[in-house]
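Everything on this sheet refers to the single structure shown next.
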There are 2 protein chains.
Amino acid sequence: MSAAKAPDGYDASDYPPFAVTVDLAIFTIRDGHLKVLLVQRADDPYAGAWALPGGFVGIDEDATTAAWRELAEETGLERFDGHLEQLATYSAPERDPRMRVVSVAHVAFAPNLPDPRAGSDAAAAHWWDVDDLFLPGLTLTGDPTDAPDLAFDHAQILTDAVDRVAAKLEYTTLATAFVETPFTLSELRHVYETVWGVRLDPGNFRRKAETGSLATKDPGTDPRPTGGRRAAVYRPTGTAALQPPMLRPDGARAKTTATTGGPR
Amino acid sequence: MSAAKAPDGYDASDYPPFAVTVDLAIFTIRDGHLKVLLVQRADDPYAGAWALPGGFVGIDEDATTAAWRELAEETGLERFDGHLEQLATYSAPERDPRMRVVSVAHVAFAPNLPDPRAGSDAAAAHWWDVDDLFLPGLTLTGDPTDAPDLAFDHAQILTDAVDRVAAKLEYTTLATAFVETPFTLSELRHVYETVWGVRLDPGNFRRKAETGSLATKDPGTDPRPTGGRRAAVYRPTGTAALQPPMLRPDGARAKTTATTGGPR
DNA sequence: CCAAAAGTGTTTGAACTACACCCATGC
DNA sequence: GCATGGGTGTAGTTCAAACACTTTTGG
C-alpha cells in the first residue's frame, strides 16, 4: 500500500477523496425497554434492510453539527433536550459498496421521543427494542427469526453504541438525560435497570443518587398516582461525573470486547 | 445550512469531497516523565510550529491501518509491541486553512521508544514532556515561555489524548504497555505515578496489582541492582479490564471537561 | 553497619449489600 | 383493611488508605 504522503504544500490532486457521513444511534426508553431508531432502506444496496439514520457532512459544518441537524430531521423535534456525543469513526474500505465513505458515528439519547416519520430515502422508520437485534457480542433475548437485517457495518456500530451507553451510566450523570425533568427516583432507577437489564435495590439506589450528586431534591411530589405513596421529585445536579461511580452488578449488560477503545 | 441529503442512489457528484487523515499522539515514558512525539513543521501553514505526526488515509485502507503505517514510519520500528487505539475525529471546517480535512486521531503508547528521526516533511522531531506543553484545561508545570506553539487543533487533540491515557490506566491493564516484559512492580507503579502525577503507596499498589489481575508473578528476580533488595518480576495477565479499577487519588491528573465523551 | 528499595501485616474507616421496617396513597 | 410503591434504618461485609515493620541487597 503506497498511500499518499502529506507534503506541507499539498494541493487537492494529491489526496484521495472521501465522502464523510454521520450515523446516529438514537436511544430512548419506551415501555420499559431500551429502544433505538432504525430506518428501513428503500433502495440497493441493502434494500429492505434496516440502518442507522444519517447523512452527509456538509462542506461548511463539522461532524457534530451535521449530527445535530440529522437528529432534528429524523426525530422531527424542534428542541431536543437530550444528549449527543461522538462515538467513533468507521472507515473500512468496503463498508459501502458504492463509494469510499467514512462515517463518524454518534450516540444520542433522550426521554419520550415521538414516533418517527419515514424520510424521503427510507421506506419506514421504527423504534426497535435493542434486545430484539442481533448484535455481535451481545445476547439477543427475543426471537432470532424476528431480528431485522442490519445494513452496512451498522451491527458493529450499534454494539459499540450500546456498550457506550451502558458504560456511561456507571460514571456519569447521563442517566438523567433519559428522563424528563423533574423526575422521580423510580424513573431514574428504571433507566439503569432497563439499560443494564438488572434490578437495583431502591433504598441503596436512593442513597447513591443523593450522595453521588446524581440528582437533587425538588420541592413537592409527583402528582401522578402510582398505586402507592407519591414520590418526591428530583432534578439533575449539573455535575457531569458520578463520584463514586454507580457499580454495575454482576449480570448487567456487559462490556463486549469493543473494537474501539473508547473513553470510559 | 443546506447540506447534501443522502439519496440511496447517489453518485460521486452528489457529495462534498473531503481529505481524511490520521494524527497520532504517541506516548512513552522517559526519564520519569510522560513524553509525546511531536514534529516541527517546515512549511506554512504553521511553519515552525509543532504538530502531531500523521498523514493521509489511503484509498484502500481504514484509519487504523493508516495509523499503524504512520506509526511505523515515524518511530522507525519494525515491531511495535505497544498499544494503538482510535481517540476521536476532528472535523471543524477551518481546522486546516488549505482544504477540508477530517482527521481521525489515534493514541499509541509503548515503552522505550527510540529517538525520532525527522521525516521529509518535518524540520525536526522531538519527544516533548507533556508537562511542558500548554494544553487547555491541563496545568503546565514548566516554564510557559518554553512551551512550543502547537499547529492546527493539535492542542485540543493532545488534551483529549492525555485524558484518555490517564483514564484508561484506571480501569484497564494498559499500564503494562508502557513497560517491557518482564517488569517489576516498581516500574509498573512508576507508570501510574508518572501519568497521574502522584505518589502511590507501594504496599497497597502491590495488593491491587495482584488481586486485580493486572500482573502475574514470573519466576526469578530482576538481575539489575537498584540500591536495595532485588525485585520480583511480573508479566501482563492478558486480561484487558481491571476489576476492581485502580482508583485515581485526589490530586491526580484529572479529567478535563473533554469535548469528546469517549468510552471508558 | 547503614541506606535504600522490596515486600508483609495491621488498623481504621468508607461504602456497598441485604434486608427489615415504617409511611402514604388508591381501591 | 389491604395492596402497592416510597422512603428510612441498620447489621455485616468488603476493600482501600495509611503506616508500621521486616527482608534483602549495595556500599
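Numbered from 1 within each chain, the chains take letters A, B, ... in sequence-line order. The figures here come from the full heavy-atom set of this structure, side chains too, leaving out hydrogens, waters and symmetry mates. All figures in this text were calculated on a predicted structure; none of them were measured in a lab.
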For [Y], does its backbone N or O pair with a side-chain atom of [X] as donor and acceptor, under 3.5 Å?
| X | Y | value |
| --- | --- | --- |
| E187(B) | T184(B) | yes |
| R30(A) | N112(A) | no |
| T173(A) | T239(A) | yes |
| R253(B) | V195(B) | yes |
| E193(A) | L200(A) | yes |

Taking [atom1] from [X] and [atom2] from [N], how many angstroms apart are they, rounded to a whole number?
| X | N | atom1 | atom2 | result |
| --- | --- | --- | --- | --- |
| D222(B) | dT24(D) | CG | C1' | 14 Å |
| F183(A) | dG6(D) | CZ | P | 14 Å |
| E193(A) | dG5(D) | CD | P | 12 Å |
| L200(A) | dG5(D) | CG | C1' | 16 Å |
| L214(A) | dC16(C) | CG | C1' | 16 Å |
| H190(A) | dG5(D) | NE2 | C1' | 10 Å |
| R224(A) | dA24(C) | CZ | C1' | 17 Å |
| R189(A) | dG6(D) | CZ | P | 6 Å |

Note to self: Just to be sure I understand the rule, does T184(A) reach a base, reach only the sugar-phosphate, or reach nothing, if contact means heavy atoms closer than 4.0 Å?
What the structure shows: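 No contact.
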
**Message:** Regarding S186(A), tell me which of base, sugar-phosphate or nothing describes its non-hydrogen contacts under 4.0 Å with the strands shown.
**Reply:**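 Sugar-phosphate: the residue S186(A), judged by heavy atoms under 4.0 Å, touches backbone atoms but no base.
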
In L37(B), L84(B), V107(B), L52(B), the residue satisfying side-chain contact (heavy atoms from CB on, under 4.5 Å) with L24(B) is L84(B)

Distance-only side-chain donor-acceptor flag, Y90(B) / D23(B), under 3.5 Å:
no

* Asked: Run the salt bridge (Lys or Arg N to Asp or Glu O under 4.0 Å) check on E180(B) and R235(B) step by step: do they pass?
  -> CA-CA 9 Å; E180(B) 286 179 317; R235(B) 63 176 55 253; over 6 Å; no

- Query: Does K208(B) have a side-chain nitrogen or oxygen under 4.0 Å from the phosphate oxygens OP1 or OP2 of dA17(D)?
  - Reply: yes

Tabulate atom names and distances for all N/O pairs under 3.5 angstrom spanning the protein and nucleotides 25-27 of chain D.
{"from": "dG26(D)", "atom 1": "OP1", "to": "R230(B)", "atom 2": "NH2", "distance (Å)": "2.9"}

5' to 3', nucleotides 8-15 of chain C under a 4.0 Å protein heavy-atom cut-off (B base, S sugar-phosphate only, - none) gives BBB-----

